[in-house]
Chemist: 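My questions will all concern the structure given below.
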Amino acid sequence: MATKNCSQNTEKLDRRETNCSVFLCHEKPDANQPVICNPDFFVERFRHEHPQIFADLVLSNITRLIDLPGDEFAQLTGESVPKVPTSTGFLRSFNFRKRKEKGLIFGAPLTEEGIAQICQLIEYLSKNLHVEGLFRVPGHSLRQAALREMLNNGTEIDLETGDFHPNDAATLLKVFLGELPEPLLMHRHYHAHLKIGELTCFDEKGNKTNVPDKARQIEAFQLLFMLLPPANRSLLKLLLDLLYHTARSQHMNKMSAINLATMFAPHIIWPKNVTASDLQGNIEKLNNGVAFLIRHSQKMFKAPVYIKEYARLFYTGSKTLQSNDDLNLSSGNKTGSIAAIATSSPSHSVRSIAGETSSTSDIKPSENQSYTESCLRELYKQVNSMPESAKKKKLIRRFEKQPDSNSSAETRTPFIKRHWRSRSAGGIVKRKASTEKESGTLQSLPPRS
């Protein structure tokens with residue numbers, strides 16, 4: 001029998017080697033370039049090796065999509081303490097007492113070890129998606145207590161024995177998420193989630209509509225999730241994948257995406273120690289946001305195309321890391337050297353990395369100036385195409401204050417008429433007049449009588 005199994009395994013190995021050899025014969029990769037199977041390989045490498053630069057790049061693109069005031073932006077970057085709704089002192093002290101009885105998993109900060117234990121629940125639930133009322137119907141309290149203790153002790157559990165019901169595992173998963181010291185989606189991302197939920201389409205006249213802009217929302221969530229700690233990101237991916245397949249089986253379990261969002265939003269995005277009345281009308285936004293994450297979970301953890309291109313060009317020896325918008329990326333660039341979006345307040349770390357980007361000393365001043373002017377023109381066009389907002393007005397004012405602005409008065413779309421008469425515009429007229437005078441094209445005035 002052993003000999004037979006061995007021969008079968010050998011035969012399977014031979015097949016694999018045959019398939020692999022056929023693949024290698026057909027594929028002829030460039031010898032100078034590594035063969036990368038993971039499309040986000042360079043993104044993950046860039047995030048790991050240059051975390052601050054990566055964070056600056058992602059943040060600059062998030063602020064392009066959503067308008068975050070200074071205080072909310074500081075919360076997102078971690079520079080200030082998150083300001084989220086809070087509850088009464090009694091509820092806060094009650095929850096603090098509960099958290100004091102924490103073990104290895106429940107009530108403790110999220111770790112890879114804790115995720116490995118909780119994965120046992122997730123795997124078990126993924127095989128029982130047919131159970132009606134999954135995540136809504138509570139499990140048995142005694143069975144849950146026994147299962148909780150086993151998980152806290154780091155025990156490897158065989159949930160297929162029939163000792164536990166899927167409702168026990170589902171309830172315990174929600175309890176685990178609810179007892180985390182900080183929500184899975186983090187306090188400092190709270191306001192960003194609310195702003196992303198408000199992204200809507202614009203009509204032909206540029207006015208906001210009530211139709212959600214799904215493409216921009218997905219892009220914003222993709223960027224926001226890149227700022228999550230690795231443990232939060234890993235567990236969130238597992239959780240949303242489970243809820244996505246649960247919602248797809250709603251014809252059996254009667255649990256749609258919005259029903260699941262109603263069950264999980266208090267545990268993964270609500271600020272700690274609050275009640276429904278403390279959220280002041282944001283409950284529907286938060287529930288709809290979580291439902292959106294469930295429906296589109298298969299896209300949420302992919303890097304936007306311009307982030308991929310930036311990271312790829314960074315590691316494959318691109319001479320210049322140009323700044324361009326993802327809209328230009330989508331339409332394609334003939335030269336192929338496309339990279340990240342231009343930032344409204346770029347940091348020096350994003351624009352240049354010592355020792356890892358090619359030197360620009362070989363570029364002639366005239367070429368450098370023309371390149372800068374073309375970039376400024378492109379950036380001004382992009383700013384003009386942005387939706388009407390306070391941020392857009394601020395950017396336009398900054399352009400008008402620049403003495404060497406490349407945008408003419410005819411192409412500008414000012415927001416307030418008094419901005420037409422600016423010092424920068426007057427300086428442009430004076431310089432143009434002096435240039436024409438020097439070239440002899442300016443007509444001489446008649447002498448005074």
Side-chain angles (χ1 to χ4, degrees), residues 84-85 95 98 105-107 110 114-115 117-126 128-139 144 147-148 151 165-187 189-190 192-194 196-197 217-218 221 224-225 228-229 231-250 252-276 278-279 282-301:
V84 294
N95 278 273
K98 286 174 61 179
I105 305 299
F106 289 83
L110 190 60
I115 294 176
Q117 286 294 94
I118 294 302
C119 272
Q120 298 181 85
L121 301 180
I122 295 176
E123 290 177 7
Y124 175 62
L125 290 169
S126 65
N128 293 274
L129 300 179
H130 61 279
V131 177
E132 185 173 344
L134 191 65
F135 297 112
R136 178 174 53 82
V137 178
Q144 289 176 44
L147 184 56
R148 176 187 177 119
L151 290 170
H165 192 273
N167 288 337
D168 302 330
T171 304
L172 208 56
L173 177 59
K174 292 191 297 182
V175 171
F176 167 77
L177 294 169
E179 291 187 6
L180 287 174
E182 186 177 7
L184 185 63
L185 293 176
M186 303 188 68
H187 280 142
H189 293 181
Y190 175 77
H193 278 275
L194 292 177
I196 293 174
Q217 288 179 341
I218 290 174
F221 278 126
L224 188 63
F225 289 168
L228 287 173
N232 293 57
R233 183 178 168 88
S234 298
L235 181 56
L236 180 63
K237 190 177 188 305
L238 293 170
L239 177 65
L240 290 181
D241 191 61
L242 172 65
L243 298 182
Y244 170 79
H245 288 97
T246 304
R248 291 192 65 182
S249 303
Q250 60 180 302
M252 294 186 291
N253 55 42
K254 312 299 181 187
M255 295 299 292
S256 63
I258 190 63
N259 291 339
L260 292 169
T262 305
M263 295 291 105
F264 277 89
H267 303 293
I268 67 174
I269 195 171
W270 282 23
K272 289 295 178 181
N273 311 329
V274 299
T275 60
D278 298 318
L279 295 179
N282 286 331
I283 294 179
E284 186 177 357
K285 291 182 181 179
L286 297 174
N287 290 347
N288 289 336
V290 175
F292 185 85
L293 295 180
I294 294 172
R295 294 189 187 101
H296 302 277
S297 64
Q298 306 305 301
K299 303 177 183 178
M300 291 299 171
F301 298 92

Chemist: Is there a side-chain contact between Leu235 and Ile122, using heavy atoms and a 4.5 Å cut-off?
Modeler: yes
Chemist: Yes or no on side chain to side chain contact (heavy atoms under 4.5 Å, CB included) for Leu238 and Ile118, after CA distance, side-chain angles and deciding distance?
Modeler: CA-CA 10 Å; Leu238 293 170; Ile118 294 302; over 6 Å; no
Chemist: In the structure I gave you, are the side-chain heavy atoms of Leu224 and His193 within less than 4.5 Å of one another anywhere?
Modeler: yes
Chemist: Quick check: does any side chain N or O of His245 sit under 3.5 Å from a backbone N or O of Asp241, one acting as donor and the other as acceptor?
Modeler: yes
Chemist: Donor-acceptor check, side chain of His187 to backbone of Lys272, threshold 3.5 angstrom: yes or no?
Modeler: yes
Chemist: Any donor and acceptor pair, going by atom type alone, linking the side chain of Lys237 with main-chain N or O of Asn232 inside 3.5 Å?
Modeler: no
Chemist: With rounding to the nearest 0.5 angstrom, report the OH to CG distance, Tyr190 to Leu185.
Modeler: 12.0 Å
Chemist: Step by step, work out the side chain to side chain contact (heavy atoms under 4.5 Å, CB included) result for Thr262 and Arg136.
Modeler: CA-CA 10 Å; Thr262 305; Arg136 178 174 53 82; over 6 Å; no
Chemist: Test your reading of the model: is there a side-chain donor-acceptor pair from Lys174 to the backbone of Met263, 3.5 Å cut-off?
Modeler: no
Chemist: I'd like to check His189 versus Leu228 (side-chain heavy atoms, cut-off strictly below 4.5 Å). Are they in contact?
Modeler: yes
Chemist: Looking at CD of Glu179 and CG of Leu172, how far apart are the two atoms once the value is rounded to the nearest 0.5 Å?
Modeler: 8.5 Å
Chemist: List the atom of Pro266, the atom of Ala261, and the distance in Å for their closest heavy-atom pair.
Modeler: CD-O, 4.4 Å
Chemist: Check whether any side-chain heavy atom of Val175 sits under 4.5 Å from a side-chain heavy atom of Arg148, and report yes or no.
Modeler: yes
Chemist: Evaluate the side-chain proximity of Met300 to Phe292: yes if any heavy-atom separation is below 4.5 Å, no if none is.
Modeler: yes
Chemist: Looking at CG of Asn128 and OG of Ser249, how far apart are the two atoms once the value is rounded to the nearest 0.5 Å?
Modeler: 11.0 Å
Chemist: Check the surroundings of atom CD in Glu284: do more than 12 heavy atoms from other residues, nucleotides or ligands lie under 6.0 Å from it?
Modeler: no
Chemist: Rounded to the nearest 0.5 Å, what separates atom OG1 in Thr246 from atom CG in Leu125?
Modeler: 7.5 Å
Chemist: Do the non-hydrogen side-chain atoms of Val137 and Thr171 ever get within less than 4.5 Å of each other?
Modeler: no
Chemist: If you apply the rule side chain to side chain contact (heavy atoms under 4.5 Å, CB included), what do you find for Leu243 with Val290, and how did you get there?
Modeler: CA-CA 10 Å; Leu243 298 182; Val290 175; 5.6 Å; no
Chemist: Does Asn287 use its side chain to pair, donor to acceptor, with the backbone of Ala265 at less than 3.5 Å?
Modeler: no
Chemist: Roughly how far, to the nearest 0.5 Å, is NE2 of His296 from CG of Leu240?
Modeler: 12.0 Å
Chemist: Closest approach of Ser256 and Ala247, non-hydrogen atoms and distance?
Modeler: C-CB, 4.3 Å
Chemist: Determine the minimum heavy-atom distance between Ala257 and Ile294, stating which atoms define it.
Modeler: O-CD1, 3.8 Å
Chemist: NE2/His267 to CG/Leu184 distance, rounded to the nearest 0.5 angstrom?
Modeler: 12.0 Å
Chemist: Do Leu239 and Phe264 have side chains that approach each other closer than 4.5 Å (heavy atoms only, starting at C-beta)?
Modeler: yes
Chemist: Identify the two heavy atoms, one from Pro229 and one from Met186, that lie closest to each other, and give their separation to 0.1 Å.
Modeler: CD-SD, 3.2 Å
Chemist: Can you see which heavy atom on Pro271 is nearest to which on Pro183, and at what distance?
Modeler: CA-CG, 4.4 Å
Chemist: Quick check against the 3.5 Å criterion: does Gln217 have a side-chain atom that pairs as donor or acceptor with the backbone of Ile196?
Modeler: yes
Chemist: Side chains of Gln117 and Gln120 only: does a donor on one sit below 3.5 Å from an acceptor on the other?
Modeler: yes
Chemist: Do you know the tightest heavy-atom contact between Ala169 and Leu147?
Modeler: CA-CD2, 4.4 Å
Chemist: Would you say the side chain of Phe135 lies within less than 4.5 Å of the side chain of Asn259, judging by non-hydrogen atoms?
Modeler: no
Chemist: Judged by atom type as modelled, is there a donor-acceptor pair below 3.5 Å linking the side chain of Asn253 to the main-chain atoms of Leu129?
Modeler: yes
